[in-house]
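To keep things clear, I will list the structure first and then write my remarks on it.
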Amino acid sequence: MKLLIKGGRIVDPASRRDFRGDILVSDTKIEKIGENVRAHADRVIDADGLVVAPGFIDMHVHLREPGYEEKETIRTGSMSGAKGGFTSLVAMANTNPPIDNAGMVDFVLTRAKETAVVKVFPVAAVSKGLEGKELTEAGELKEAGAVALSDDGHPITDSELMRRALEYAGMFGLPIIVHSEDPQLAGNGSMNEGFNSTVLGLRGIPKAAEEVMLSRDLSIAELTRGRIHFAHISTARSVELIREAKKRRLTVTAETAPHYFSLTDDAVRTYNTNAKMKPPLRGPEDVAAIKRGLADGTLDVVATDHAPHTATEKEVEFDVAPFGIVGLETALPLIITELVEPGVLSLMDAIAKVTINPARILGLPLGELKEGGVADIAIFDPDEEIVIDASAFASLGRNTPFHGLKLKGHALYTIVGGRIVVDEGKLSVP
Amino acid sequence: MARRIPSRYRSYRSLIERGTLKSGDRQRWREWGRTNVEAVATKPVNTQTGSRVKWNRKDLLGLEDLTVEEIELILDTAESFKEVSTRAIKKVPALRGKTIVNLFFEPSTRTRTSFELAAKRLSADVLNVSSSTSSVVKGETLHDTLANIEAMKTDMVVIRHLSSGAPHFLAARCRSSIVNAGDGMHEHPTQGLLDMFTIREKLGRIAGLKVSIIGDIAHSRVARSNIWGLVKMGAHVTVCGPATLLPPDIHKMNVTVASNLREALAGADVVYVLRIQLERQNGKLLPTIREYVRFFGVDKEKMRAAPPTAIIMHPGPINRNVELASDVADGPNSVILEQVTNGLAVRMAVLYLLAGSEVTDETSD
């Protein structure tokens with residue numbers, strides 16, 4: 001089976017190429033990339049006016065299976081990812097039971113193989129049961145297929161455990177993805193601490209809750225020379241701390257999520273539980289700093305922290321609603337509208353944040369377009385305006401603060417290992 | 001259906017025709033309604049244009065949203081209702097046939113009693129539903145709880161809830177008028193209104209007064225409602241309390257933050273003392289109640305820093321000799337019981353105005 005993608009703007013951050021050309025896909029691999037590829041193909045996609053990029057990699061999603069299949073399954077999450085242009089999803093370990101042993105890693109990979117329409121890479125827990133007390137078997141987890149370790153959602157408060165985890169996981173080349181939050185400082189807060197929390201009478205989560213843990217972990221990274229990847233960075237000071245750490249050549253990387261460069265805590269003013277996530281939406285100065293951090297490379301990755309919940313769970317009083325929003329089907333339009341259009345990032349650099357950068361951090365042989373490479377490809381229209389419609393999501397989660405928003409950027413084709421899973425914007429697989 | 005002010009209070013004849021009033025109500029109505037409430041409920045506010053302010057909100061959720069005119073309308077309406085409670089027959093037929101539900105998810109004696117009595121004096125049918133636990137704990141959502149109550153065709157729901165924003169959540173999803181009777185740490189609008197009513201009654205005005213609010217500002221919905229209302233009405237509000245009990249960026253609500261009690265009391269026309277939740281004393285927010293009393297408890301000695309004419313207010317119930325010494329609470333400057341009396345009139349006004357904003361098909365009469 002041969003697939004020819006014709007006349008698209010090919011943007012490949014790994015090779016820094018940006019040109020108008022064709023890509024010939026043969027079975028699962030990219031056979032040829034060039035300005036004028038002549039070949040007989042079974043299928044031709046006319047990509048005139050479209051961007052052809054490496055398939056996106058979301059290194060931070062919650063697929064909820066096993067344990068919370070009413071929120072999302074590996075299958076529905078993968079379909080949601082495909083619709084957003086993602087060909088690889090990195091699934092967090094806070095399922096029920098958590099992914100803290102090789103058997104559970106195997107379960108996720110098996111379920112993914114059976115049901116998912118995109119690639120799924122499991123993250124395993126740092127500590128058994130995500131309890132922050134005892135290390136998991138990192139070596140076995142790595143052999144089973146885990147690409148990183150993380151207790152995401154459960155901050156590691158025990159500094160010694162953090163130190164030992166970095167030392168031990170480092171032995172197997174596994175990065176640790178850190179959810180930076182001091183649980184005591186965060187208390188039972190439900191939004192950013194500031195004027196808005198005062199007016200709304202909601203308990204606040206101060207920025208310091210993120211920053212003190214981040215500072216601690218930078219010190220531990222220095223001590224251990226371990227590889228830390230900081231998840232969902234939300235504050236200006238966090239960006240500064242990471243920037244400084246990188247200058248000092250610490251082996252740390254970081255991601256932010258689209259909502260942290262698109263929204264401020266003003267979005268909570270109507271007690272909208274779909275604007276409730278952890279870390280919480282911050283102030284305008286933080287949004288500006290996040291954008292600067294993305295622009296200068298302090299923040300390496302954009303990951304969605306896709307966190308589906310049922311409508312019933314979210315349709316409650318603000319302080320009792322669960323944290324988290326879905327993100328896979330809004331990430332591309334937010335990146336285009338909030339980062340590329342205003343000139344925060346070039347299209348090339350923006351694509352790098354969801355392709356080659358996460359691939360390198362996780363050591364995945366993905367995220368680039370090259371002859372002989374895997375044919376994971378996202379084709380999108382960067383100029384098409386779309387209106388976000390949560391009810392049309394492939395995800396089971398409808399919990400988005402972006403519903404009804406008009407944004408630019410439409411993922412039209414998603415090709416996973418040479419297979420077209422999204423065709424003209426619609427899922428094309430059973 | 002168009003939402004508009006019903007005409008039912010404009011013409012007595014039309015009320016009889018529509019069966020809203022029985023002929024037996026005629027005398028009582030004449031004595032009171034037409035000359036009193038009707039007059040203020042359409043009080044002219046702009047003498048130049050002759051436009052009249054009217055109430056056209058479905059819900060009362062907080063004072064943050066209200067205009068000065070709306071606040072004045074409520075206070076003026078309350079003035080006429082205050083007289084009702086002084087009569088031998090303390091009842092008017094204004095809300096006859098209406099059903100009001102008091103839905104209280106937090107224990108509260110005085111606010112619930114005040115709303116209940118207000119509704120009864122307006123001749124409404126009142127239903128009290130209390131639950132000490134959150135509906136979520138029971139496994140039923142808040143929305144389900146209200147949907148079940150609404151299914152019995154209620155007109156108004158007075159809600160007290162421990163979660164900030166719970167009334168807003170319901171107001172956006174329900175047909176009934178929602179009255180916020182205190183939500184979490186957010187707002188307690190009728191308390192703010194009755195406090196403003198009391199200040200206006202005692203001191204003749206609100207604009208230009210120095211009102212000092214003392215105590216646990218961070219967790220206080222009473223403080224927030226008072227700040228919104230008083231600042232809008234032109235008062236200078238000062239807040240004072242332990243640093244651990246002041247919410248972040250409170251100064252952006254256009255209040256002065258006093259660094260100590262003496263500074264807050266100096267020149268104050270109104271000293272508003274908040275209740276200290278004794279359970280706050282978990283060792284992180286307050287070292288001891290004893291220390292709180294020493295530095296922030298308002299007593300006769302400390303009140304010497306305030307002008308001798310300053311009035312003392314408190315939303316109740318008082319922790320005697322904790323935030324407020326008994327000699328001050330019971331002293332000549334205390335208006336605490338008058339706040340309670342006025343609360344009834346203010347709540348009658350609120351229920352009355354909200355009922356009047358109901359949807360009607362009638363075009364005009």
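Proteins get letters first, then strands, A, B, ... in listed order; numbering begins at 1 in each.
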State whether a side-chain donor-acceptor pair under 3.5 Å links B/His161 with A/Glu317.
-> yes
For the [atom1] atom of [X] and the [atom2] atom of [Y], what is their distance to the nearest 0.5 Å?
X: B/Asp249; Y: A/Asn196; atom1: CG; atom2: CG; answer: 9.0 Å
X: B/Lys252; Y: A/Thr198; atom1: NZ; atom2: OG1; answer: 9.0 Å
X: A/Arg269; Y: B/His168; atom1: CZ; atom2: NE2; answer: 10.5 Å

Partner set under side-chain hydrogen bond (donor to acceptor under 3.5 Å, both in side chains) for A/Asp152, not counting sequence neighbours = A/His60, A/His62, A/His179, A/His232
Contacts of A/Thr76 meeting side-chain hydrogen bond (donor to acceptor under 3.5 Å, both in side chains) (sequence neighbours excluded), chain-then-number -> A/Glu72, A/Thr73
Evaluate the criterion side-chain contact (heavy atoms from CB on, under 4.5 Å) for residue pair B/Ile250 and A/Phe195; output intermediate values, then yes/no.
-> CA-CA 7 Å; B/Ile250 182 73; A/Phe195 180 63; over 6 Å; no
Taking all heavy atoms of [X] and all of [Y], pick out the closest pair and write down the distance.
X: B/Ser164; Y: A/Leu202; value: CB-CD2, 3.8 Å
X: B/Thr141; Y: A/Thr312; value: CG2-CG2, 4.3 Å
X: B/Pro248; Y: A/Glu193; value: CG-CG, 3.4 Å

Find the one option among B/Glu187, B/Arg221, B/Met253, B/His251 whose heavy-atom pairs under 4.5 Å with chain A are most numerous.
-> B/Met253
What pairs with B/Phe296 under ring-ring contact (aromatic ring centres under 6.0 Å, His included), at least two apart in sequence or on another chain?
-> B/Tyr292
Show your reasoning for whether side-chain contact (heavy atoms from CB on, under 4.5 Å) applies to B/Glu64 and A/Val199.
-> CA-CA 9 Å; B/Glu64 184 188 358; A/Val199 167; 3.6 Å; yes
Sort by residue number and list every member of residues 231-241 of chain B having a non-hydrogen atom under 4.5 Å from chain A.
-> none
So, for A/Tyr271 and B/His186, is the gap between ring centers shorter than 6.0 Å?
-> yes
